[in-house]
Amino acid sequence: MNASKRTTHPEWIDPDDAPELTDDFFEQADLYRGDELIKRGRGPGRPPGSNKSVTTVRLDDDLLEALRSSGPRWQTRLNALVREWLKTHKLEELNV
């Protein structure tokens, strides 16, 4: 029979050592009313001045792997690829 392990308690931390709660802290915080989430505090969905939107796109596995293997910012490269293609082609040209 295995004996249960004793629970270790974290060291006590003096609350006076806590960082100051600034306006920025509260702007980034989640706001709840009871158990209901009212506002997410993760900042805006996109940076100010950005004209990009979040979306879901389904890509073939081989295309996705090729893009991801190109390293970080692959989504930005995909955006550039589509933009360049649209400069010389029309969507009506596609046979899908």
Side-chain angles (χ1 to χ4, degrees):
M1 183 166 100
N2 293 339
S4 63
K5 295 182 180 178
R6 295 176 55 198
T7 303
T8 58
H9 297 285
E11 287 186 31
W12 181 78
I13 299 173
D14 187 351
D16 292 335
D17 291 339
E20 180 179 344
L21 300 180
T22 62
D23 288 339
D24 186 51
F25 171 84
F26 288 104
E27 288 174 9
Q28 297 297 317
D30 292 346
L31 178 62
Y32 285 88
R33 181 173 296 131
D35 290 337
E36 180 184 359
L37 177 64
I38 303 298
K39 172 189 157 280
R40 293 209 61 114
R42 304 290 189 277
R46 54 186 172 183
S50 172
N51 57 353
K52 295 184 177 184
S53 299
V54 176
T55 187
T56 300
V57 177
R58 294 181 184 269
L59 301 173
D60 293 336
D61 291 339
D62 57 334
L63 294 176
L64 184 58
E65 181 57 36
L67 287 164
R68 285 184 173 164
S69 69
S70 69
R73 298 184 46 128
W74 64 267
Q75 296 97 330
T76 302
R77 282 189 291 284
L78 174 60
N79 191 75
L81 286 168
V82 173
R83 184 178 304 282
E84 281 299 311
W85 188 87
L86 285 172
K87 286 180 181 178
T88 57
H89 298 81
K90 296 192 184 289
L91 292 176
E92 295 80 24
E93 296 176 19
L94 291 175
N95 295 321
V96 290

Take a 6.0 Å sphere around CG of Asp17 and say whether it holds more than 12 heavy atoms from other residues, nucleotides or ligands.
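Above 12, so yes.
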Does Asp23 CG have over 12 foreign heavy atoms under 6.0 Å away?
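Counting neighbours around CG of Asp23, 12 or fewer heavy atoms of other residues, nucleotides or ligands fall under 6.0 Å, so no.
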Between [X] and [Y], what is the shortest heavy-atom contact and its length?
X     : Y     : value
Leu91 : Trp85 : CD2-CZ3, 4.1 Å
Arg77 : Ser70 : NH2-OG, 2.8 Å
Trp74 : Leu67 : CB-O, 3.1 Å

Could you give the distance from [atom1] ([X]) to [atom2] ([Y]), rounded to the nearest 0.5 Å?
X     : Y     : atom1 : atom2 : answer
Leu31 : Glu36 : CG    : CD    : 10.0 Å
Glu84 : Asn79 : CD    : CG    : 11.0 Å
Asp30 : Ile38 : CG    : CD1   : 11.0 Å

Taking Lys90 first and then Glu93, would you say they form a salt bridge - that is, a charged N and a carboxylate O separated by under 4.0 Å?
no
With a 4.5 Å heavy-atom cut-off, do Leu59 and Leu78 have their side chains touching?
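A side-chain contact under 4.5 Å exists here.
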For the hydrophobic clusters of this structure (ILVMFWY residues joined by side-chain heavy atoms under 4.5 Å, transitively), does one cluster hold both Val82 and Leu63?
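As far as the 4.5 Å side-chain criterion goes, Leu63 and Val82 are not connected within one cluster.
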Do Tyr32 and Phe25 belong to the same hydrophobic cluster, where Ile, Leu, Val, Met, Phe, Trp and Tyr are linked whenever their side-chain heavy atoms lie under 4.5 Å apart, directly or via other members?
no
Under 3.5 Å, side chain of Asp14 to main-chain N/O of Asp16, donor-acceptor pair present?
yes
